[in-house]
Participant: 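Could you have a look at this structure, given as structure tokens, before my questions?
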Amino acid sequence: MLSREGAAAVVRSVANRGLLIGGDRVASPSEGWLPHLDPATGEHHADVPLAGPAEIDAAVEAARSSLPVWQGTPLERRIEILHRLADLVVEQGEECNAINALDNGSPVAVLDSAAYSAQFIRYYAGWIDKLDGRTVPVYAPETFDYVVPEPWGVVGAIPPWNGPMMGMAQKAVAALAAGNTVVAKPPEVAPFGAIRFAELALEAGLPPGVLNVTPGGPVAGEALVRHPGVDKVSFTGGTATARSIVAAAADTLKPLALELGGKTANIVFPDADIDSAAGGAAFMGVCVLSGQGCALPTRLYVHDEVYDQVVERVVAQLETTRVGDPLLPDTMMGPVVNGRALERIIGVIDRARSEGSGKLLTGGHRLQLEGDLAGGYFIAPTVFGDVDHESELARNEIFGPVLSILRFSTEDEAVAKANDSPYGLSAMVHTRDLPRAQRMVRRLQAGTVIVNTYAGGTPTAPFGGYKRSGFGREGGRAGIDEFLQLKNVVVGG
Ligand code: NAD
């Protein structure tokens, strides 16, 4: 296990090597350096190099000029390179997961982000030699008509801070597997995993310039979206930023894939396996990523008949959850990503308390740990019960370890409340009544509906939003199609 000092030294050296453009390192970024604080200690441990428009230009140029190189690389070699990348990520899994923990506070024991990233890489690598086209029936018998999938060209990828390495595996690798080259702009909030990922890709044999990494903030993001040399942008982030991105993309009419926020309704009927439903509700709704995940079940709707039972189990579990150092093997919940997030989340909790939007059942405050962790951004696992469906708690994405529990008494009421949200990323249902489960699946407006489990998020399945949770998909056949366009060819006699 890497010590905190060891992990910080790795993060520092990754950061100090700077941006990665066309195989070269750029350690004098035009937007300067941003201090990064370890979320678990609040201590300064590295500085983030910030790209600006100049570096985005250079990265796009590198990606464009490497298009013929990548597209001319034999399929079996492309597959081999991506598999080698997956091997490297797994071989260096301990270090990769420690980088992730220092990037955003995510506990190494909860999420093996290296293994998960490797799964995505291998899955997409498998598509490389299977992207066939099709023939088209013809009205004129002397013609031959067919359709071939082709890459867009240069893809701009903006992965999220809550899964820095996974975001690269989900977006950038899918784009590469489809034959595109990539400029990735990881967020300034948590860039280290993404930079390291690109370093490992180079080591795996990816030709220089095929994957460029330019961490930065809104300036770099907007430059990437506006750039006329970028053919498609895949963005993961918040709805407000997505509006700016749609506006910036309008100039070049750039196609977009948008993976945005969510407010997953998790619906528990009286005939459900209550232990499993409640246990997962607590762990997935609060502990995983400290609630900082787009598809986490943060709105728990419980039928009146089992409301007290479920609430009691959820609260009991969260009051014994080990919150602490994300690098330790028994930590189940880490800090939130930074001080700004901590203040924002505590603000939501305080407003809910003063407005009486729900009954605070546990938590509700900053968690003051001892020793090295005294300055860390920890929040006690927090649960509000009997939450008002119209309140900020129930309606807005909190992106913190705060679970809202609401009541319902009929199936129609559960559906109406679950769907009464601008978001539609995912929904969950717990019931042993199969016809009811099927009715719920049909009626819930979400890109993913999960029944009687908390599993999901595999590389093989399409993930993405309905409504304002965005459009486009990651994973599955749809995830690779996102980075292909279709060319129709008609050949005369
Ligand atoms: P954010 O929207 O504030 O920032 C996301 C990224 O956009 C950052 O890299 C930022 O630098 C960049 N950016 C900011 N302004 C920009 C602009 N004008 N043009 C281009 N880029 C710009 O999001 P956040 O707070 O960092 O992340 C949390 C949000 O992301 C939540 O809403 C969450 O639900 C969502 N999210 C969605 C998924 C998903 O797969 N659907 C996954 C993780 C997170």
Side-chain angles (χ1 to χ4, degrees), residues 31 34 48 50-53 56 103-104 106 111 113 116 120 156-171 174 183-191 193-194 213-227 230 233-251 254 256-264 288-298 336-338 340-341 344-345 396-400 421-426 446-448 456-457 459 461-475 479 482:
E31 295 288 309
L34 181 74
V48 179
L50 294 178
I56 296 292
D103 247 328
N104 63 17
S106 177
L111 192 62
S113 104
Y116 192 51
F120 269 90
I158 306 184
W161 54 258
N162 60 356
M165 219 171 244
M166 291 176 326
M168 292 292 280
Q170 288 162 329
K171 272 185 202 311
V183 177
K185 190 219 70 73
E188 68 280 41
V189 174
V213 179
T214 52
V219 173
E222 188 171 341
L224 184 63
V225 175
R226 286 194 181 279
H227 205 292
V230 173
V233 166
S234 173
F235 166 79
T236 298
T239 310
T241 310
R243 286 197 188 94
S244 309
I245 287 181
V246 170
D251 261 357
K254 192 160 294 165
L256 300 170
L258 301 177
E259 297 289 347
L260 310 180
K263 188 79 182 173
T264 296
V288 171
L289 293 168
S290 299
Q292 302 164 114
C294 50
L296 298 175
T298 52
V336 296
V337 67
N338 56 28
R340 200 152 48 96
R344 186 184 52 72
I345 297 160
N396 292 0
E397 194 181 28
I398 300 172
F399 233 58
S421 166
Y423 295 113
L425 196 54
S426 67
T448 300
F463 174 72
Y466 278 23
K467 302 195 274 185
R468 269 174 255 165
S469 289
F471 45 81
R473 292 293 180 270
E474 280 177 2
E482 203 60 62

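Both counts, for ligands and for their atoms, begin at 1 and track the order of listing.
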Participant: In order of chain and number, which residues sit within 4.0 Å of ligand 1 by heavy atom?
Facilitator: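 The 4.0 Å shell around ligand 1 contains Ile158, Pro160, Trp161, Asn162, Lys185, Pro187, Glu188, Gly216, Gly217, Pro218, Gly221, Glu222, Phe235, Thr236, Gly237, Gly238, Thr241, Ser244, Ile245, Glu259, Leu260, Gly261, Cys294, Glu397, Phe399, Leu425, Phe463.
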Participant: Could you list the donor-acceptor pairs under 3.5 angstrom formed by side chains in residues 213-227, with sequence neighbours left out?
Facilitator:
{"residue": "Thr214", "atom": "OG1", "partner": "Ala184", "partner atom": "O", "Å": "3.2"}
{"residue": "Glu222", "atom": "OE2", "partner": "Arg226", "partner atom": "NE", "Å": "2.8"}
{"residue": "Glu222", "atom": "OE2", "partner": "Arg226", "partner atom": "NH2", "Å": "3.3"}
{"residue": "Arg226", "atom": "NH1", "partner": "Asp251", "partner atom": "OD2", "Å": "3.3"}
{"residue": "His227", "atom": "ND1", "partner": "Gly229", "partner atom": "N", "Å": "2.9"}
{"residue": "His227", "atom": "NE2", "partner": "Asp57", "partner atom": "OD1", "Å": "2.9"}

Participant: Lys263: what forms a salt bridge (charged side-chain N to carboxylate O under 4.0 Å, His left out) with it, not counting sequence neighbours?
Facilitator: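 Counting only residues at least two positions away or on another chain, Lys263 forms no salt bridge (charged side-chain N to carboxylate O under 4.0 Å, His left out).
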Participant: So do Asp103 and Pro191 actually touch side chain to side chain, heavy atoms under 4.5 Å?
Facilitator: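 Yes, close enough: below the 4.5 Å cut-off.
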Participant: Name the one of Asn104, Val189, Thr236 that satisfies side-chain contact (heavy atoms from CB on, under 4.5 Å) with Pro160?
Facilitator: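 Result for side-chain contact (heavy atoms from CB on, under 4.5 Å) with Pro160: Thr236.
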Participant: In chain order, what residues pass the ring pair (Phe, Tyr, Trp, His ring centres under 6.0 Å) check against Phe235, with sequence neighbours excluded?
Facilitator: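 None.
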Participant: Any ion pair linking Glu482 and Arg473 (charged N to carboxylate O, less than 4.0 Å)?
Facilitator: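 No, Arg473 and Glu482 are not salt-bridged.
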